[in-house]
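Here is the structure we will look at, set down as structure tokens.
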Amino acid sequence: QQQVRQSPQSLTVWEGETAILNCSYEDSTFDYFPWYWQFPRESPALLIAIRPVSNKKEDGRFTIFFNKREKKLSLHITDSQPGDSATYFCAASSNTGNYKYVFGAGTRLKVIA
Amino acid sequence: EAAVTQSPRNKVAVTGGKVTLSCNQTNNHNNMYWYRQDTGHGLRLIHYSYGAGSTEKGDIPDGYKASRPSQENFSLILELATPSQTSVYFCASGDNGGQDTQYFGPGTRLLVL
């Protein structure tokens with residue numbers, strides 16, 4: 001059972017456009033949602049994260065929008081750059097203390113100059 | 001500088017052979033994790049640990065064992081390797097009960113013939 005779902009599987013945008021990556025989850029105990037990015041042949045690294053006390057988290061061109069009622073969140077990348085081309089993973093962690101993330105399958109983003 | 005290292009970086013094994021993947025972290029984190037990454041599946045958790053001497057089953061533990069002899073070291077053991085275990089394996093460390101950043105190692109590419 002996949003508890004964290006991401007869409008689309010792949011996304012291509014032009015340089016300067018806004019890329020929107022979607023994530024949904026099922027477990028209502030999830031209360032920490034990090035996004036990781038991974039460049040080809042590299043390891044994943046934290047990009048930005050949100051906790052449900054807020055419905056928006058910004059870090060430069062990257063913004064997470066969070067809808068607790070619908071159990072959905074999205075990552076918006078404004079003014080997309082070719083250097084943003086990577087695979088983006090949404091993850092979730094529960095407050096029940098089991099110390100682990102559940103990762104989505106990822107969205108592969110390509111930004112064309 | 002926070003660091004998670006893995007060895008070996010590349011491994012070719014034969015079916016039925018024993019494989020040990022090693023991970024070392026200098027972050028002094030309590031929690032350590034082993035994931036495998038396959039196309040279309042994202043990152044799937046195999047085993048994790050709360051601290052020295054502890055190991056816990058993740059989401060896909062079958063065919064794998066883990067060992068955490070010290071705070072710094074966490075090993076993944078494939079007693080009888082199978083071709084289906086061909087994958088890229090990532091080790092990570094983290095803290096705060098899994099509700100904080102996980103730092104990933106560079107990965108190990110395992111090919112089981």
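By convention in this document, chain letters (A, B, ...) are assigned in the order of the sequence lines, proteins followed by strands, and residues within each chain are numbered from 1. Note that the coordinates shown come from a computational prediction; the quantities given were computed from them, not determined experimentally.
- Connection of A:Ile48 to A:Phe66 is established within a shared hydrophobic cluster, with ILVMFWY side chains joined at heavy-atom distances below 4.5 Å, either directly or through further cluster members.
- With a 4.5 Å cut-off on non-hydrogen atoms, A:Gln38 touches chain B through its side chain but not through its backbone.
- Heavy atoms from other residues, nucleotides or ligands lying under 6.0 Å from CD of A:Gln9 number 12 at most.
- Here the shortest heavy-atom pairing between B:Phe90 and A:Ser43 reads CE2-CB, 3.5 Å.
- Interatomic distance, OG1 of B:Thr101 versus OH of A:Tyr36, reported as 5.0 Å (0.5 Å rounding).
- More than 12 non-hydrogen atoms from other residues, nucleotides or ligands lie less than 6.0 angstrom from CZ of B:Arg44.
- Residue B:Phe104 touches chain A through both its backbone and its side chain, counting heavy-atom pairs closer than 4.5 Å.
- B:Tyr35 places a side-chain heavy atom less than 4.5 Å from the side chain of A:Phe103.
- B:Gln37 approaches A:Phe89 most closely through the heavy-atom pair NE2-CZ, 3.3 Å.
- Linking Ile, Leu, Val, Met, Phe, Trp and Tyr residues whenever their side-chain heavy atoms come within less than 4.5 Å leaves A:Phe65 and A:Trp37 in two separate clusters.
- Neither the backbone nor the side chain of A:Pro34 comes within less than 4.5 Å of any heavy atom in chain B.
- Of the two parts of B:Leu43, the backbone and the side chain both hold a non-hydrogen atom closer than 4.5 Å to a non-hydrogen atom of chain A.
- When the side chains of ILVMFWY residues are joined at heavy-atom separations under 4.5 Å, either directly or via intervening members, B:Leu78 and B:Met32 end up in a single hydrophobic cluster.
- Hydrophobic clustering (ILVMFWY, side-chain heavy atoms < 4.5 Å, transitive): A:Phe33 and A:Phe62 are in one cluster.
- Residue B:Glu56 does not touch chain A at all, counting heavy-atom pairs closer than 4.5 Å.
- B:Leu21 and B:Leu45 sit in two unconnected hydrophobic clusters of ILVMFWY residues. Membership requires side-chain heavy atoms under 4.5 Å apart, directly or through other members.
- Using a 4.5 Å heavy-atom cut-off against chain A, the contacting residues of residues 105-113 of chain B are B:Gly105, B:Pro106, B:Arg109.
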